[in-house]
Structure formats: structure tokens, C-alpha cells
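Down below is the structure, laid out as C-alpha cells.
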Protein chains: 4
Amino acid sequence: MNEHSFIILIHKSPLMMDKKTRILQATEKLLAMYGFHGLSMQMVAREAGVAAGTIYRYFEDKDDLLHQLHDHILACVANKISQNVSDNMPLQQRFRTMWLNIWDMAIQDDAPLINRGQFDSLPKRENQEQRLLEKKLFAKVDQMFSDGKAAGLFKPLDNEILGTLSLEPCICLARKHVNGVYKVSDEVLDAAIEASWDAIVQH
Amino acid sequence: MNEHSFIILIHKSPLMMDKKTRILQATEKLLAMYGFHGLSMQMVAREAGVAAGTIYRYFEDKDDLLHQLHDHILACVANKISQNVSDNMPLQQRFRTMWLNIWDMAIQDDAPLINRGQFDSLPKRENQEQRLLEKKLFAKVDQMFSDGKAAGLFKPLDNEILGTLSLEPCICLARKHVNGVYKVSDEVLDAAIEASWDAIVQH
Amino acid sequence: MNEHSFIILIHKSPLMMDKKTRILQATEKLLAMYGFHGLSMQMVAREAGVAAGTIYRYFEDKDDLLHQLHDHILACVANKISQNVSDNMPLQQRFRTMWLNIWDMAIQDDAPLINRGQFDSLPKRENQEQRLLEKKLFAKVDQMFSDGKAAGLFKPLDNEILGTLSLEPCICLARKHVNGVYKVSDEVLDAAIEASWDAIVQH
Amino acid sequence: MNEHSFIILIHKSPLMMDKKTRILQATEKLLAMYGFHGLSMQMVAREAGVAAGTIYRYFEDKDDLLHQLHDHILACVANKISQNVSDNMPLQQRFRTMWLNIWDMAIQDDAPLINRGQFDSLPKRENQEQRLLEKKLFAKVDQMFSDGKAAGLFKPLDNEILGTLSLEPCICLARKHVNGVYKVSDEVLDAAIEASWDAIVQH
DNA sequence: AATGAATGAGGTTTCATTCAT
DNA sequence: GATGAATGAAACCTCATTCAT
């Protein structure tokens with residue numbers, strides 16, 4: 001660092017971050033409203049309140065936008081699921097809390113994607129790295145299943161399987177609830193949680 | 001017939017099915033191979049061995065083609081699920097048979113759509129009429145749940161809920177199996193069937 | 001060929017050929033008028049009197065269009081150069097005829113491209129095959145140079161070099177003439193032909 | 001300076017030329033590498049190490065940049081051609097020196113534009129003023145032709161014509177040499193110079 | 001003077017649909 | 001009924017240019 005050197009300060013201002021977020025949110029909303037087809041970059045731009053070209057400052061191309069949206073949502077989901085869950089709570093309480101966290105998320109309008117079945121058809125990079133990231137995101141869920149098996153309470157199956165048996169039904173149910181296929185009352189909800197629990201505990 | 005003319009020979013083999021079926025099968029295959037984006041009417045036409053315009057003799061437009069494909073597949077699925085199931089078989093055997101019917105279908109390659117998660121993103125007409133049709137298609141499933149409740153064996157929940165709790169996990173699991181996310185061994189498969197059963201029976 | 005076979009006749013009608021030709025001609029004209037930049041597919045379509053999408057029935061993409069135009073023009077040029085030239089005419093008459101053929105072509109509006117220097121910047125496929133094709137197209141020119149060398153009249157240089165020394169100046173001159181850089185009178189034209197001749201004959 | 005800030009260090013080396021020159025050089029390089037199509041202002045900015053907007057301090061618009069580049073290169077060319085040429089050298093030596101100066105320039109890599117045929121497709125302002133400027137730049141060439149005619153050695157044609165007949169073939173040849181169409185040996189080079197000389201001297 | 005994020009018109013290309021044959 | 005060439009709207013994406021900082 002001599003007399004010819006100088007310094008440039010770059011402020012990644014909240015406003016700039018705002019733009020990328022706005023684009024992601026616009027994409028999520030439109031994807032939920034019109035599905036995968038009716039999603040054009042022009043629409044995203046209009047909804048986000050930016051010019052079409054601006055999207056390409058933040059995302060390589062349409063595919064990149066969707067990939068990043070996938071990751072973004074996944075992170076949100078993982079975060080939401082783990083809310084109010086700590087590893088020293090009783091197992092059944094942890095299970096119930098997470099189950100209801102998923103339910104709430106799918107019911108509310110915050111995460112409009114999770115509930116329309118569009119989420120799964122988002123392009124994902126199916127590689128080892130991605131798998132590890134997901135595992136880390138859903139650590140709390142993982143921990144619960146592991147603890148349950150260690151206590152001899154859950155069936156001796158891989159966590160992946162336990163999740164599929166007990167938490168996926170929650171999402172399926174929520175989807176039907178939101179789509180109006182079937183309205184789920186509070187009593188039925190409690191029964192569904194119990195049934196999900198029954199699926200994975202030893203009898 | 002001048003110097004600009006030339007000749008193409010086409011063998012109309014007895015194997016050529018009727019055009020509508022060929023179009024539907026071509027669509028299913030291409031949808032499984034290239035997903036929703038990579039599906040163009042010209043591709044369907046080429047794969048089906050018909051002219052692009054011919055598709056419009058049998059289907060109103062692209063949406064109609066996809067709707068009809070949805071119904072077509074749904075009928076196949078319902079038919080497959082009910083195979084080797086009669087209403088006087090023991091409940092658990094009925095359940096196990098249907099569960100495995102779903103699994104087999106999702107694992108094999110003759111119903112390429114069901115297993116890639118593309119099926120759910122097909123456009124569906126979500127109306128009363130459609131709901132009734134589905135109910136009729138899945139009558140055997142319905143009957144099993146009703147019988148189980150009448151016998152006091154199943155939880156007193158609507159059939160819709162019982163299905164979501166015990167059969168949807170099968171589809172989710174199959175999807176993961178096919179996508180390579182998780183390879184399901186025979187022992188795990190048996191355990192999963194038992195767990196699905198545990199979810200809906202009274203304890 | 002059994003009872004299941006049938007025949008389809010395809011007429012490559014003159015009208016259809018017309019469309020491809022019209023697109024090529026439109027491209028040539030616009031390229032001469034507006035240069036390489038101001039050439040958009042929309043403009044070509046409008047000038048050719050077809051829809052934008054129609055171009056893509058006949059040409060893979062823009063590059064293919066330009067490639068094919070290059071070949072098309074090259075063939076025209078080769079044909080024009082060889083007009084009224086036969087291998088048993090005296091050498092100097094053959095040379096003069098070809099030189100003037102080039103000149104006429106560059107001066108007239110038939111081949112608007114050759115004279116604006118746009119021609120050379122058209123994308124060409126620089127491969128062996130292409131080189132051979134060109135050699136065949138310009139066979140008459142080749143023959144003249146070979147005959148001249150056999151007669152001990154021309155310098156013992158490769159035909160490629162002889163062409164560059166005696167015919168390229170014609171094109172350069174014509175370009176300047178058309179661009180208005182320098183107006184070439186008939187006497188000067190004669191002198192230029194003689195000078196080109198002097199460049200390649202032995203002294 | 002909060003958690004969103006970070007720092008970049010830039011060493012302003014003494015080698016950094018003034019910005020306008022850097023922009024011109026960047027343009028020349030990119031034009032040679034990617035041709036006319038692949039040249040965007042953002043690329044030029046990146047290559048020159050300036051911001052996109054900065055270009056517009058020195059050049060009206062893209063066209064102006066290209067115009068000025070044209071003039072810039074033309075001046076370089078004129079300068080190079082005249083190297084080691086003085087008006088009291090024998091005519092043939094002057095001619096040979098200039099011919100070889102052109103050849104060297106086209107063969108080497110420091111004037112990347114002249115040799116790829118991109119140069120001619122640069123936009124030029126074809127007006128009287130421009131013509132006069134060029135005449136002044138190429139004064140040495142002009143002088144040689146005038147002297148040759150005064151001595152009764154050259155044909156009595158305008159200098160413009162003499163140049164086209166004897167020096168343009170050099171450029172054409174060099175282009176073919178560089179493009180790999182035809183590899184020119186030293187003997188052929190000498191022969192080509194002699195042939196160019198033959199084209200303009202009286203016989 | 002310099003920056004570079006933002007713009008949005010315009011580029012190439014695709015594709016659902018029509019219609020003369 | 002069947003064809004497939006033609007259409008042209010609309011898709012994705014680029015890039016010359018501006019302007020607040």
C-alpha cells in the first residue's frame with residue numbers, strides 16, 4: 001500500500017438489497033397466483049416495480065432466479081419450522097410444535113408457494129452439496145427424530161423416512177385445506193397430529 | 001409431378017393406434033422427459049406422428065389437451081390402485097395391496113408422469129363435478145376406509161383425511177425413491193406400510 | 001409395399017422456393033443499405049413480406065441466414081465472372097472479359113453487396129470443404145491463370161497470388177468508384193486493366 | 001461504515017494511461033477479438049478499467065467512439081507506412097519499404113484491427129474534410145507516386161489509382177496470410193512486391 | 001470528473017394456433 | 001379428416017445511454 005494506492009468504500013445499502021428481495025417476493029407471489037407458465041420476466045419486473053433489465057443485475061437468467069427463489073423459500077421454511085422449538089422440550093411437544101408450524105405456514109399467506117404444490121416443481125440443483133445444506137437447515141427436525149429413536153420411542157427408521165411418514169401428510173392436508181378440497185376443523189387437526197404421531201411411534 | 005416432386009413411403013402398420021390415443025401418449029412421454037416447459041405442440045405432433053393441425057381436431061387447445069391427459073392418467077391410476085382388491089378381502093390385506101399398487105405404479109416406467117412430480121402441476125379443473133368423478137374412480141379406496149371405521153378399527157375421521165394420512169406418504173416416498181433422494185429397501189418398505197397403517201388405526 | 005403402404009407426394013413448389021429467395025434478397029438489400037448493424041430479423045421479414053417466424057422455417061438462425069447468403073452471393077459472383085468466357089479464347093481477352101465482368105457487377109445494383117465492402121465481413125465457414133467449393137466455382141479463373149503460366153506468359157506464382165495481384169484491385173477500384181471516393185473514367189478503366197495485366201505477366 | 005460495508009484496494013499504477021487512450025485501445029482489442037457484434041459499451045468499460053458512464057465524457061456516443069477509433073488507427077497506419085522512408089531515397093527502395101511496412105503491420109499483432117478485415121467496416125465519415133486529412137496523412141505515399149510519374153517511370157495515372165493497383169494487393173494478401181487462407185513464403189513475398197511494381201511502371 | 005445501477009426499447013427466437021390445400 | 005406452412009404475439013435477454021451520488 002504505497003502512495004499510488006487508494007481506497008474505495010462500497011456500501012451494500014439496504015435499498016439495494018431491497019431490490020433483490022422485491023424481485024424474489026414478486027416472483028413468489030406471481031408463481032403462486034399464475035403458476036409456472038404464467039410467469040414472465042416482464043410480469044416479475046412490473047410486480048417488483050423495476051425495469052425488466054434490472055432483474056438481470058441480480059440474477060443470471062430466469063433459471064437462476066428460480067433456483068435462488070427455491071433456496072430462499074427453503075431457508076424461510078426451515079426457519080419457520082424450528083420456531084419455538086428447543087432440544088430440551090419433551091418429544092411430543094416438539095413434534096406438535098413443528099407440525100403446527102408447518103400447518104400455520106401453509107395456511108397463512110406469508111409463504112404463498114408452499115401451499116400450492118408449485119414449490120416442488122421449482123428447479124432444484126440436486127447435488128450432494130445441496131443435500132447437506134438442507135440437512136443443516138432442518139437440524140431441529142433431525143434432532144427430534146434422533147432423540148425419539150434413542151429413547152426407544154420412535155420406530156428404528158431413518159429420519160428421512162420418519163419425516164415422510166409424519167410431516168409430509170401435514171403439507172398434503174394443508175394443501176387440500178387451502179385449495180378448498182377439504183376444510184379441516186380444529187378437532188380434525190388435533191386428530192391428524194395424533195395420527196401422524198402414531199405413524200412413527202412404536203406400538 | 002415435375003422435377004421438383006419427390007416421394008415418401010409410409011407404412012401404415014396395424015400397430016398405429018387411433019390418433020387421439022397416440023397424441024395423449026406422446027404428451028405424457030414428452031411431459032415426463034422434458035417437463036412442463038419443454039412441451040410444445042409441434043413436439044407432440046412429431047412424437048405422435050401427426051400434423052400439428054391434427055391435434056386441434058381432437059383437443060380444443062393446449063389446455064384442453066393437458067386437462068384430458070390429467071383425466072386420462074387419473075383413470076389409469078384409479079384402475080391400477082384397485083387391482084387385485086375385492087371388498088370381501090380382510091382390511092389389512094386390502095390396505096397393503098392398494099399401498100403396494102400405488103408404490104409399483106410410481107416405481108415402474110409405464111406411468112411416467114406419476115413419479116416425477118409433474119403430475120400434480122398439470123392443470124386441473126377444481127370443481128364439484130370433478131370431485132365426484134374422482135370419488136367414483138377411487139370407490140374401492142373409499143369402501144376400505146368406510147369398512148374399517150364401521151369395524152371400529154380405524155379412527156373416526158373422514159375418508160379424505162384417512163387417505164391423506166396413510167396413502168399420500170406412499171407417493172411422497174416413491175417420489176424420493178425414484179428421484180434418488182433416498183433408496184428404499186424392502187424392509188423399509190414393509191415398515192413404511194406398517195407405519196401408514198398405524199397412522200389410521202385406533203390404539 | 002403391401003396393402004398398408006401408401007404414398008405421399010411432396011411438391012417443392014416454385015412459390016415456396018420463392019419465399020426463401022425473397023428472404024435472401026431482402027437480407028442482401030438491407031445489408032447493403034444499412035450495414036451489418038442495422039440488420040434485424042424483423043426488418044428482413046418486413047422487407048421480404050413474410051412474418052418474422054417464417055424466416056426460421058428456412059434458416060436455422062440469423063447466423064445461418066448470413067452463411068447461406070454468403071454462399072448464395074458467392075455462387076452469383078462466380079457465375080457472373082465466367083460469363084462470355086470460354087477456355088479457347090485468347091488469354092488477354094479472357095482476362096479482360098473477366099475483369100470487366102467483375103467491374104460491371106460491382107458497378108450495377110444487381111449485387112448490392114459486393115461493392116460496399118460488407119461482403120467480406122459476412123460470416124464464412126472457413127474449412128477445407130468450403131475452400132474446395134470456391135475453387136470449383138471459380139474454375140474458369142483458375143484455368144486462365146494455369147494456361148497463362150503454361151504458355152510462359154504469366155509469372156510462375158500460385159493462382160491464388162495471381163488473382164490477388166490482378167483481380168482484387170478491380171474490386172477495390174470499383175468500391176471507391178461506387179462510394180464516390182474516385183470517379184473512374186473509361187480511359188482510366190482501360191489503363192487499370194492494362195496495369196493489372198502488367199502485374200502478372202513476365203517482363 | 002456498518003456491517004454491509006467492505007473494502008476494495010486498487011493500486012493506481014503509473015502504467016495507467018490517460019482514460020481516453022485506454023478506452024480506444026480497449027475498443028480496438030475487443031473489436032479484433034469479438035468483431036463488430038460482440039462489442040458492447042460495458043465490455044469496453046470493463047476492459048479499459050473505467051465505469052460505463054465515463055466513456056460518455058470522452059465520446060459523444062458509440063458511433064463517435066468508433067469514428068474516433070477509425071481516425072486514431074488511420075493515423076497510426078499512416079505513421080507506420082512512412083517509417084524509414086525519406087523523399088530522397090531511390091523510388092524503388094521507397095516503394096519496397098512502404099510495401100513491406102504495410103505487410104509488417106498487417107502481419108504483426110500490435111495493430112490487431114488492420115489485419116482482420118474489421119477495419120474497413122468501421123463507420124467512416126465520407127466527406128471532403130476527411131479526404132483531405134487522409135491525403136495529408138499519406139503524404140509520403142503521394143510524394144512517391146508523384147515523383148515516379150515526374151521521372152516518367154510510372155504510368156500517368158492519378159495517385160489514387162496507382163495506390164489501388166500496387167498497395168491494396170499487399171493488404172489483400174496479408175489478410176489471406178493471416179487468415180490462413182494462403183501462407184506466403186519469403187520468395188513469394190518478393191515476387192508480389194515486384195508484381196505490384198510492374199503494375200504501375202511503364203513497360 | 002467519475003461512477004455504475006437502472007432503464008426500457010429493441011434484439012432474436014419460440015410456439016400456439018389457423019387455414020388453404 | 002388431415003396436413004404443415006405461415007403467422008405474429010410474446011417470450012427471454014442485451015445493451016446504449018442516463019443520472020443521482
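Worth knowing before you read on, the calculation uses all heavy atoms, side chains too, and leaves out hydrogens, waters and symmetry mates. Lettering of chains follows the sequences in order, A, B, ..., and the numbering in each one begins at 1.
- Nearest-nucleotide positions on DNA chain E for D:A52 and A:A52 put D:A52 closer to the 5' end.
- One can place CZ of B:F59 at 12 Å from P of F:dA2, the figure rounded to the nearest angstrom.
- Contacts of C:S40 with the nucleic acid, taken as non-hydrogen atoms under 4.0 Å apart, involve only primed sugar atoms and P, OP1 or OP2.
- The side chain of D:R57 places no N or O atom within less than 4.0 Å of a non-bridging phosphate oxygen (OP1 or OP2) of E:dA2.
- Computed from coordinates, the D:L66 CG to F:dC15 P distance equals 14 Å when rounded to whole Å.
- Among the protein residues, D:L39 comes within range of the sugar-phosphate backbone only, with heavy atoms under 4.0 Å from sugar or phosphate atoms but none that close to a base.
- Comparing atom distances between the D:Y56 side chain and each of F:dT14, E:dA6, F:dT17 picks out F:dT17 as nearest.
- Taking atom NZ of residue D:K19 and atom P of nucleotide E:dA1, one finds them 11 Å apart after rounding to whole Å.
- Between the NZ atom of C:K62 and the P atom of E:dT13 there is a distance of 8 Å, given to the nearest Å.
- If you measure from atom CD of D:Q42 to atom C1' of F:dT17, you get 9 Å, rounded to the nearest angstrom.
- Summarising the geometry, the separation between CG on A:D61 and P on E:dG11 is reported as 22 Å, rounded to the nearest angstrom.
- Partner assigned to E:dA9 is F:dT14, using Watson-Crick or G-U wobble distances below 3.5 angstrom.
- Protein atom CZ of C:R46 is 11 Å distant from nucleotide atom P of E:dG10, rounded to whole Å.
- Rounding to the nearest 0.5 Å gives a distance of 10.0 Å between CG of A:L66 and CG of A:L24.
- Summarising the base pairing, E:dG4 is matched to F:dC19 through a Watson-Crick or G-U wobble pair whose two defining distances lie under 3.5 Å.
- Within 4.0 Å of B:Y58, counting heavy atoms only, lie sugar-phosphate atoms of the nucleic acid but no base atom.
- Not a single donor-acceptor pair under 3.5 Å links the side chain of B:T54 to the backbone N or O of B:V50.
- Between A:M43 and A:Y34, the closest side-chain pair of non-hydrogen atoms falls below 4.5 Å.
- In this structure, CD of D:E60 is placed 15 Å from C1' of F:dT18, rounded to the nearest angstrom.
- Ring centroids of B:H67 and B:F59 are separated by 6.0 Å or more, keeping the two rings apart.
- Place C:T54 and D:A51 on DNA chain E by their nearest nucleotides, and D:A51 ends up nearer the 5' end.
- Side chains of C:D18 and C:T21: no donor on one and acceptor on the other come within 3.5 Å.
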